[in-house]
Amino acid sequence: MQWNCPSEPQGESVHQQVLQWFRESARDLPWRGGCSPWGILVSEIMLQQTPVVRVRPVWEEWMARWPDPAAFAAAPQAEVLRAWGRLGYPRRALRLHAAAGVIVEKHDGAVPDTFEELLALPGIGTYTAAAVAAFAFGRRETVVDTNIRRVFARLVIGQALPAPSLTAAEMALAKELLPEDAAASVEWNAGVMELGALVCTARSPQCGICPVRRECAWIAAGQPEPSYVPKGQPWAGTDRQVRGAVMAVLRAAESPVHAELFWGPASELAALKEHLSHPGEVADALKSLHNLNVHAPQLQRSLASLVADGLAQLSDGGYHLPH
DNA sequence: GAAGCGTGGTA
DNA sequence: TTACCAAGCTT
């Protein structure tokens, strides 16, 4: 594969074409260009499995309220979870909170600048550690996210989709393609990621406007279909759905929500009475939960798992967000 | 290594 | 409308 050789001629390279496209087409996102390492870390956590359009407003509020790790670490967990809102996967919020605590205790309040130190923080895995080291500190790291995996699968391998899970071969390929120069590597990582997010998308890729369509192995192969069917995540009837509905109730409530309100034959009557003393949001959230028609064992299990995860606490017969 | 974990926009 | 999918991590 001559074009991806690190010693390829500069002018015509895939690298140059992606970098040029990135400079012209990159979105103007608030966590790009002069953002603090803390802001970049927060954005990376929020962006895990969550689209940019939903992250942006929450990130803006977040940074205005907690401009540094120390300010955030001092916030009560309940406020953290409320500020997280409906971003989803609320365990991320608690792990970020715990990470901020470690940053204050062990790193003097400054986001660490190495891959290894970042990887040791709760909620930070290989992707996020590499991304923060690269985008916040300009380090040369092998950043591999779902966008980059998909771009390389098409551009280099000629397949419609990457393997179901990250392979060692993919990491090796990404390492090979990474520019030697640190600054160039950072831009390359961001550029390939952006290309995957805007052009080489999962559903309907915009191959007509792709800067590297002429070098694309997938197009050259006639855009073959995926070799496997991605297995979707079940949702209806799952504990996840129930947990989400319960968390919506707890976020809206400013006082403990009586256990009776969650299940039991009297639940609907109790919820009705609660209308009088609870704000409308709590009543609406309870109504949504009741509309799921969850049987007691599953509701019990979901509540217990939320408590086990530290997302909820039970005291005085009522469930509430953790203090 | 597979399964579990939220949420809402889009095709 | 029903699935798929989004800058993954943890157990």
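Any value given below was found using the heavy atoms of this structure, including those in side chains, with hydrogens, waters and symmetry copies removed. Here is the naming used below: chain letters follow the sequence lines, and residue numbers restart at 1 for every chain.
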task: Could you check how far CG of A/L289 sits from P of B/dT7, rounded to whole Å?
output: 12 Å
- prompt: Do any side-chain nitrogens or oxygens of A/K231 fall under 4.0 Å of OP1 or OP2 in B/dA3?
  reply: yes
- request: Applying side-chain contact (heavy atoms from CB on, under 4.5 Å), name anything that partners A/P51, two or more places apart in sequence or on another chain.
  value: A/V53, A/R54
message: Measuring only the P atom in each nucleotide, how far is C/dA7 from B/dA3? A whole number of Å is fine.
response: 23 Å
A/S165 or A/R86, whichever maps to the more 5' nucleotide of DNA chain B: A/S165
- prompt: Who else is in A/Y228's hydrophobic cluster (ILVMFWY, side-chain heavy atoms under 4.5 Å, direct or via others)?
  reply: A/L161
- line: A/W235 atom CH2 is separated from B/dC5 atom P, nearest whole Å, by 9 Å
message: If you apply the rule salt bridge (charged side-chain N to carboxylate O under 4.0 Å, His left out), what do you find for A/E79 with A/R65, and how did you get there?
response: CA-CA 11 Å; A/E79 286 312 300; A/R65 187 171 182 181; 3.1 Å; yes
- request: Scan A/L161 against the nucleic acid and name what it touches under 4.0 Å (heavy atoms): base, sugar-phosphate only, or nothing.
  value: nothing
Other ILVMFWY residues reachable from A/V144 by side-chain steps of under 4.5 Å: A/L166, A/M171
message: Please confirm whether the shortest side-chain N or O distance from A/R150 to OP1 or OP2 of C/dA6 is below 4.0 Å.
response: yes
Would you list the protein and nucleotides 8-11 of chain C atom pairs, both N or O, that sit under 3.5 Å from each other?
from, atom 1, to, atom 2, distance (Å)
C/dG8, OP1, A/T146, N, 3.4
C/dG8, OP2, A/Q49, N, 3.1
C/dG8, OP2, A/Q49, NE2, 3.1
C/dC9, OP1, A/G125, N, 2.8
C/dC9, OP1, A/G125, O, 3.4
C/dC9, OP1, A/T128, N, 3.0
C/dC9, OP1, A/T128, OG1, 2.8
C/dT10, OP1, A/G123, N, 2.8

message: Can you measure A/L292 atom CG to B/dG6 atom C1' for me and round it to whole angstrom units?
response: 13 Å
query: With distance as the sole criterion, is a donor-acceptor pair present between the side chains of A/T50 and A/R92 under 3.5 Å?
result: yes
- line: Here the salt bridge (charged side-chain N to carboxylate O under 4.0 Å, His left out) pairs for residues 95-124 of chain A, sequence neighbours left out, are A/D113-A/R139
field: Distance-only polar pair, side chains of A/N189 and A/E141, donor-acceptor under 3.5 Å
entry: no
task: Scan A/R251 against the nucleic acid and name what it touches under 4.0 Å (heavy atoms): base, sugar-phosphate only, or nothing.
output: sugar-phosphate
query: A/R243 CZ to B/dT7 C1': how many Å, rounded?
result: 14 Å
- request: Assign A/D239 to base, sugar-phosphate, or nothing according to its heavy-atom contacts below 4.0 angstrom with the strands shown.
  value: sugar-phosphate
message: Distance check needed: C/dA6 C1' versus A/R56 CZ, whole Å only.
response: 16 Å
query: Reckon A/A131 touches a base, only the sugar-phosphate, or nothing at all at heavy-atom distances under 4.0 Å?
result: nothing
query: Which residue pairs pass the salt bridge (charged side-chain N to carboxylate O under 4.0 Å, His left out) test when at least one of the two sits in residues 13-26 of chain A, sequence neighbours left out?
result: A/R23-A/E187
- request: Nearest whole angstrom, please: distance from the C1' of B/dC5 to the CD of A/Q298.
  value: 14 Å
If you look only at distance, which donor and acceptor atoms sit under 3.5 Å apart when one is on a side chain in residues 307-317 of chain A and the other is two or more places apart or in another chain?
from, atom 1, to, atom 2, distance (Å)
A/D309, OD2, A/R243, NH1, 2.9
A/D309, OD2, A/R243, NH2, 2.9
A/S315, OG, A/H320, NE2, 2.8

field: Whole angstrom value for the distance that separates C1' of C/dA7 from CG of A/L166
entry: 14 Å
- prompt: What orientation do A/F262 and A/Y319 show, parallel under 30°, tilted 30 to 60°, or perpendicular over 60°?
  reply: perpendicular
message: Once you apply a heavy-atom cut-off of 4.0 Å, does A/W31 come out as touching a base, just sugar-phosphate, or nothing?
response: base
Check: protein-nucleotides 9-11 of chain B nitrogen or oxygen pairs below 3.5 Å:
from, atom 1, to, atom 2, distance (Å)
B/dG9, N2, A/R203, NH2, 3.2

field: Nearest-angstrom distance from the residue atom CD of A/Q241 to C1' of B/dG4
entry: 15 Å
query: Roughly how far apart, to the nearest Å, are B/dG8 and C/dC9 at atom P?
result: 23 Å
- request: Would you list the pairs meeting salt bridge (charged side-chain N to carboxylate O under 4.0 Å, His left out) in which at least one residue belongs to residues 144-165 of chain A, sequence neighbours left out?
  value: A/R149-A/E170
query: salt bridge (charged side-chain N to carboxylate O under 4.0 Å, His left out): which pairs involve residues 33-48 of chain A, sequence neighbours left out?
result: none
message: Give the residues of residues 181-195 of chain A touching DNA chain C, defined as any heavy atom closer than 4.0 Å, sorted by residue number.
response: A/M193
Would you list the atom pairs, donor with acceptor, under 3.5 Å between side chains in residues 199-210 of chain A and any protein atom, with sequence neighbours excluded?
from, atom 1, to, atom 2, distance (Å)
A/T201, OG1, A/S204, O, 3.2
A/Q206, NE2, A/S204, O, 3.1

